[in-house]
There are 2 protein chains.
Amino acid sequence: MEPKYEEGSKDYIAAHEEIVAKVKASQPEDEYLYDLSELFKIFGDSTRIKILYSLFETELCVGDMATILNLSQSSVSHQLRILKDAKLVKFRRDGKSIFYSLDDEHVRTILSMGMEHVEE
Amino acid sequence: MEPKYEEGSKDYIAAHEEIVAKVKASQPEDEYLYDLSELFKIFGDSTRIKILYSLFETELCVGDMATILNLSQSSVSHQLRILKDAKLVKFRRDGKSIFYSLDDEHVRTILSMGMEHVEE
DNA sequence: CTTACATATGAAAGTATATTCATATGTTCA
DNA sequence: TGAACATATGAATATACTTTCATATGTAAG
């Protein structure tokens with residue numbers, strides 16, 4: 001969740017009314033943009049990125065992820081819940097272990113897009 | 001900046017050594033993944049997403065953005081600095097106004113990818 | 001059914017982040 | 001050069017976030 005604040009002051013008189021009206025009309029719903037930012041927020045944490053990346057080519061159980069990424073089991077589990085809630089990963093149980101994997105190709109695509117930008 | 005914590009405990013003995021070794025070997029450098037998460041973190045705020053979206057098709061000056069998005073001038077300006085530092089927007093001065101625009105096609109692509117995911 | 005293993009979860013602590021308010025900087029024009 | 005406009009910035013405040021620690025839940029095997 002983002003902090004909630006009051007709306008901005010409106011004491012500014014638009015310098016370019018035509019453009020303002022046009023852009024305002026083409027701007028998507030706030031709720032939609034909010035969802036979009038929430039999606040990116042999930043990717044905006046290095047632990048979660050590490051987890052997603054570790055799942056790029058194969059499924060993994062929680063303990064193995066913790067070992068690979070050198071993180072505590074608890075921390076990995078907490079972050080997996082967030083990724084699961086965001087439908088970025090899915091899981092299956094196999095005996096005592098639970099195996100996680102990327103939920104769909106979209107996740108891979110978003111990661112790849114980001115990589116391209118970072119690599120420049 | 002993300003909070004810094006100690007490294008995770010290593011008391012877990014990998015259940016699947018072969019997979020662990022393989023994934024560990026193919027995992028990118030931590031620094032690289034950190035940069036990637038920092039990039040996504042920029043997109044992970046609704047105010048910044050709104051700003052980026054308002055610039056999707058045209059450049060805008062700070063005051064007009066504030067008007068369009070119903071945000072304070074100060075808030076927009078603070079966020080623009082973050083976007084500027086991340087090289088997601090560029091700007092040009094025209095008299096008293098400063099016009100911002102998206103820095104490159106990558107930004108548009110990343111936004112579009114996110115949209116596709118959210119729209120499902 | 002009891003023990004051991006694998007994962008999940010709640011609370012607490014520390015850190016990071018976004019906005020607001022006040023003010024500074026920079027630009028234009030009279 | 002001074003007034004008005006446009007943008008930037010520092011400090012303070014409030015909130016959100018991630019990890020750790022302790023413990024709970026769920027599963028399998030003896």
Side-chain angles (χ1 to χ4, degrees), chain A residues 1-16 20 34 37-38 40-51 59-67 69-86 89 91-100, chain B residues 1-16 20 34 37-38 40-51 59-67 69-86 89 91-100:
Chain A
M1 276 297 148
E2 287 172 30
K4 263 121 195 167
Y5 299 86
E6 312 229 328
E7 295 200 326
S9 58
K10 303 168 189 176
D11 55 3
Y12 174 90
I13 305 300
H16 314 88
V20 166
Y34 180 79
S37 70
E38 288 299 301
F40 283 122
K41 190 173 289 174
I42 309 283
F43 289 88
D45 174 82
S46 62
T47 296
R48 287 192 290 267
I49 282 282
K50 284 177 192 174
I51 290 175
E59 63 174 10
L60 287 172
C61 68
V62 180
D64 284 353
M65 273 186 250
T67 301
L69 305 173
N70 198 33
L71 297 165
S72 70
Q73 177 269 321
S74 181
S75 179
V76 172
S77 189
H78 275 299
Q79 297 308 329
L80 281 172
R81 186 164 54 77
I82 293 173
L83 293 169
K84 188 171 51 180
D85 290 349
V89 299
F91 64 96
R92 69 179 180 85
R93 181 178 272 282
D94 179 18
K96 283 176 288 188
S97 297
I98 298 183
F99 285 85
Y100 283 84
Chain B
M1 274 299 147
E2 286 173 31
K4 263 122 194 166
Y5 300 85
E6 313 228 330
E7 295 199 328
S9 58
K10 303 168 188 174
D11 55 3
Y12 174 91
I13 304 299
H16 314 87
V20 166
Y34 180 78
S37 69
E38 289 298 303
F40 283 121
K41 189 173 290 176
I42 309 283
F43 288 88
D45 174 82
S46 62
T47 297
R48 288 192 291 266
I49 282 280
K50 285 177 191 173
I51 290 174
E59 64 175 11
L60 287 173
C61 68
V62 181
D64 284 352
M65 272 186 252
T67 301
L69 305 174
N70 197 34
L71 297 166
S72 70
Q73 178 269 319
S74 181
S75 178
V76 172
S77 190
H78 275 298
Q79 296 308 329
L80 281 171
R81 186 164 55 76
I82 292 174
L83 292 169
K84 188 170 54 181
D85 290 349
V89 300
F91 64 97
R92 69 179 180 85
R93 181 178 272 280
D94 178 18
K96 283 176 288 189
S97 297
I98 298 184
F99 285 84
Y100 283 84

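Note that this is a predicted model, so its numbers are computed, not measured. Computed from heavy atoms alone, side chains included, the values below leave out hydrogens, waters and symmetry copies. Naming convention: chains lettered A, B, ... in sequence-line order (proteins, then strands); numbering from 1 in each chain.
Residue B:Arg81 places its side chain closer to D:dT9 than to any other of D:dT9, C:dT20, D:dT27. Listed candidates were D:dG26, D:dT18, C:dT7. Nearest to the side chain of A:Val62 is C:dT7. When the nucleotides C:dT7, D:dT9, D:dT18 are ranked by their closest atom to the side chain of A:Arg48, D:dT18 comes out on top.
Contact between the side-chain N/O atoms of B:Arg93 and the OP1/OP2 oxygens of D:dT7 is not found at any separation under 4.0 Å. A sub-4.0 Å separation between OP1 or OP2 of C:dA18 and a side-chain N or O of B:Thr47 is absent.
Tested against A:Ile82 for a side-chain contact (heavy atoms from CB on, under 4.5 Å), the candidates A:His78, A:Lys84, A:Gln79 yield a single pass: A:Gln79.
Between the CD1 atom of A:Ile82 and the P atom of D:dA16 there is a distance of 14 Å, given to the nearest Å. Look at CG on B:Leu83: it is 12 Å from P on D:dA8, rounded to the nearest Å. In this structure, A:Lys41 atom NZ and D:dT15 atom P are separated by 15 Å, rounded to whole Å.
Taking a centre distance below 5.5 Å and an interplanar angle below 30 degrees as the stacking criterion, B:His78 does not stack against the six-membered base ring of C:dT19.
Ring-plane geometry between B:Phe40 and A:Phe40 is classed as parallel, the angle between the planes falling under 30 degrees on a 0 to 90 degree scale with a further cut at 60.
Between the base of D:dA8 and the side chain of B:Gln73 there is a donor-acceptor pair shorter than 3.5 Å. B:Ser97 contributes no side-chain N or O that forms a donor-acceptor pair with the base of D:dC5 under 3.5 Å. Evaluation of atom-type donor-acceptor distances gives a pair under 3.5 Å for the side chain of A:Ser74 against the base of C:dT9.
For CZ of B:Phe99, the number of neighbouring non-hydrogen atoms (other residues, nucleotides, ligands) closer than 6.0 Å is greater than 12.
Across every non-hydrogen atom of B:Gly44 and A:Lys41, the tightest pair is O-CE, 2.8 Å.
Annotation: of the two residues near DNA chain D, B:Ser77 and A:Asp94, the 5′-most nearest-nucleotide partner is B:Ser77.
Looking at heavy-atom distances under 4.0 Å, A:Tyr100 makes contact with sugar-phosphate atoms alone, never a base.
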